[in-house]
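Everything numeric in this text was worked out from a predicted model, so none of it was measured.
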Amino acid sequence: QVQLVESGGGLVQAGGSLRLSCAASERTFSTYTMGWFRQAPGKEREFVARISWSGGNTVYADSVKGRFTISRDNAKNTVYLQMNSLKPEDTAVYYCAAGAGLGISKYNYDYWGQGTQVTVSS
């Protein structure tokens, strides 16, 4: 069982930056694909970005491409999401997730964190 704990959310003005972190409890963290998803009020949980176990393969949603960067440090069992040029429409609860494959569907991920709130004011 992989336990994931996100941190780094908060309130930021449009155009600002935040860095989210997700720490995993499991030593086998380095074998999992890690993803970031987000869910705004009244909306479905949507894919944001994912990174392969080695860090060599990343995929981003079109809405965040060029502004967000996903990375991981397997020695620290941690995955990051650097978010720049934030927009009000980025406001959501952000979740990290761990899965065995390379998919971008939420159904490809078996373990989820509790989420961290990101609010971008205009």
Side-chain angles (χ1 to χ4, degrees):
Q1 185 80 10
V2 180
Q3 293 184 325
L4 303 171
V5 179
E6 301 98 334
S7 61
L11 173 64
V12 64
Q13 289 188 332
S17 298
L18 281 175
R19 187 194 196 201
L20 304 184
S21 299
C22 173
S25 63
E26 181 61 43
R27 287 184 302 166
T28 57
F29 168 82
S30 62
T31 67
Y32 288 97
T33 292
M34 297 300 298
W36 284 98
F37 291 76
R38 66 187 181 187
Q39 188 166 17
K43 294 189 175 182
E44 293 286 320
R45 189 169 299 189
E46 65 174 6
F47 168 78
V48 175
R50 74 105 174 101
I51 187 167
S52 61
W53 66 272
S54 68
N57 186 316
T58 57
V59 176
Y60 297 91
D62 288 343
S63 58
V64 306
K65 202 172 293 183
R67 299 188 298 122
F68 290 12
T69 302
I70 188 171
S71 61
R72 67 189 297 163
D73 185 338
N74 287 340
K76 295 183 179 179
N77 287 359
T78 302
V79 62
Y80 305 97
L81 185 68
Q82 178 67 44
M83 305 186 295
N84 299 329
S85 302
L86 282 161
K87 305 175 181 180
E89 52 263 45
D90 294 319
T91 295
V93 177
Y94 283 71
Y95 299 89
C96 71
L102 289 174
I104 63 172
S105 166
K106 59 186 177 182
Y107 301 107
N108 294 131
Y109 294 82
D110 301 308
Y111 304 103
W112 293 83
Q114 82 290 348
T116 185
Q117 177 71 47
V118 172
T119 302
V120 184
S121 63
S122 57

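- The minimum heavy-atom distance linking Ala40 with Ala92 is given by the pair N-CB, 3.8 Å.
- Side-chain contact between Val79 and Trp36 is present, with heavy atoms from C-beta onward closer than 4.5 Å.
- Two different hydrophobic clusters hold Leu86 and Val93 under the rule that ILVMFWY side chains link at heavy-atom gaps under 4.5 Å.
- Annotation for Gln39 and Lys43: closest pair NE2-O, 3.1 Å, computed over non-hydrogen atoms.
- Clustering of Ile, Leu, Val, Met, Phe, Trp and Tyr side chains at separations under 4.5 Å leaves Leu102 isolated, with no partner residue.
- The side-chain tip of Arg72 does not point at the ring of Tyr32 from less than 6.0 angstrom away and within 45° of straight on.
- The hydrophobic side chain of Tyr107 is isolated, with no ILVMFWY side chain under 4.5 Å apart from it.
- Residues Tyr111 and Tyr95 do not share a hydrophobic cluster, defined by chaining ILVMFWY side chains whose heavy atoms lie under 4.5 Å apart.
- Counting all heavy atoms, side chain and backbone alike, Gln1 lies closest to Glu26 at O-OE1, 3.7 Å.
- Contact detail for Thr78 and Ser21: the closest heavy-atom pair is CG2-CB, 4.3 Å.
- Contacts of Tyr80 classified as ring-ring contact (aromatic ring centres under 6.0 Å, His included), with partners at least two apart in sequence or in another chain: none.
- Atoms CG and NZ, from Asn74 and Lys76 in turn, are 12.0 Å apart once rounded to the nearest 0.5 Å.
- With rounding to the nearest 0.5 Å, the separation of OG1 in Thr116 from CG in Leu18 is 9.0 Å.
- Identified under the disulfide (SG to SG under 2.5 Å) test for residues 57-122, with sequence neighbours left out: Cys22-Cys96.
- In this structure, CG in Leu81 is found 8.5 Å from OG in Ser71, a value given to the nearest 0.5 Å.
- Between Asn108 and Arg50, every side-chain heavy-atom pair lies at or beyond the 4.5 Å cut-off.
- In this structure, the separation between CD1 on Ile104 and OG1 on Thr33 is 12.5 Å, given to the nearest 0.5 Å.
- For the pair Lys65 and Asp62, the salt-bridge criterion is met [side-chain N within less than 4.0 Å of a carboxylate O].
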Apply the test side-chain contact (heavy atoms from CB on, under 4.5 Å) to residues Met83 and Val118: give CA-CA distance (whole Å), side-chain angles for both, the deciding distance (0.1 Å), then the verdict. CA-CA 10 Å; Met83 305 186 295; Val118 172; 3.9 Å; yes
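- The two residues Ser85 and Asp90 come nearest to each other via the heavy atoms O-OD2, 4.4 Å.
- Summarising the geometry, atom CZ belonging to Arg67 is positioned 12.0 Å from atom OH belonging to Tyr60; distances are rounded to the nearest 0.5 Å.
- Atoms CD and CD, from Glu6 and Gln117 in turn, are 12.0 Å apart once rounded to the nearest 0.5 Å.
- The two atoms that bring Arg38 and Phe68 nearest to each other are NH1-CE2, 4.1 Å, heavy atoms only.
- With respect to Ile70, the side-chain contact (heavy atoms from CB on, under 4.5 Å) criterion is satisfied by exactly one of Val59, Thr58, Leu20: Thr58.
- Considering only residues two or more places apart in sequence or on other chains, Phe37 meets the ring-ring contact (aromatic ring centres under 6.0 Å, His included) condition with Phe47, Tyr109, Trp112.
- The environment of CD in Glu89 is crowded: more than 12 heavy-atom neighbours from other residues, nucleotides or ligands sit within 6.0 Å.
- If you chain together hydrophobic residues whose side chains sit under 4.5 Å apart, Leu4 and Ile51 fall into the same group.
- Val5 belongs to no hydrophobic cluster with other residues, because no ILVMFWY side-chain heavy atom falls under 4.5 Å from its own, directly or through intermediates.
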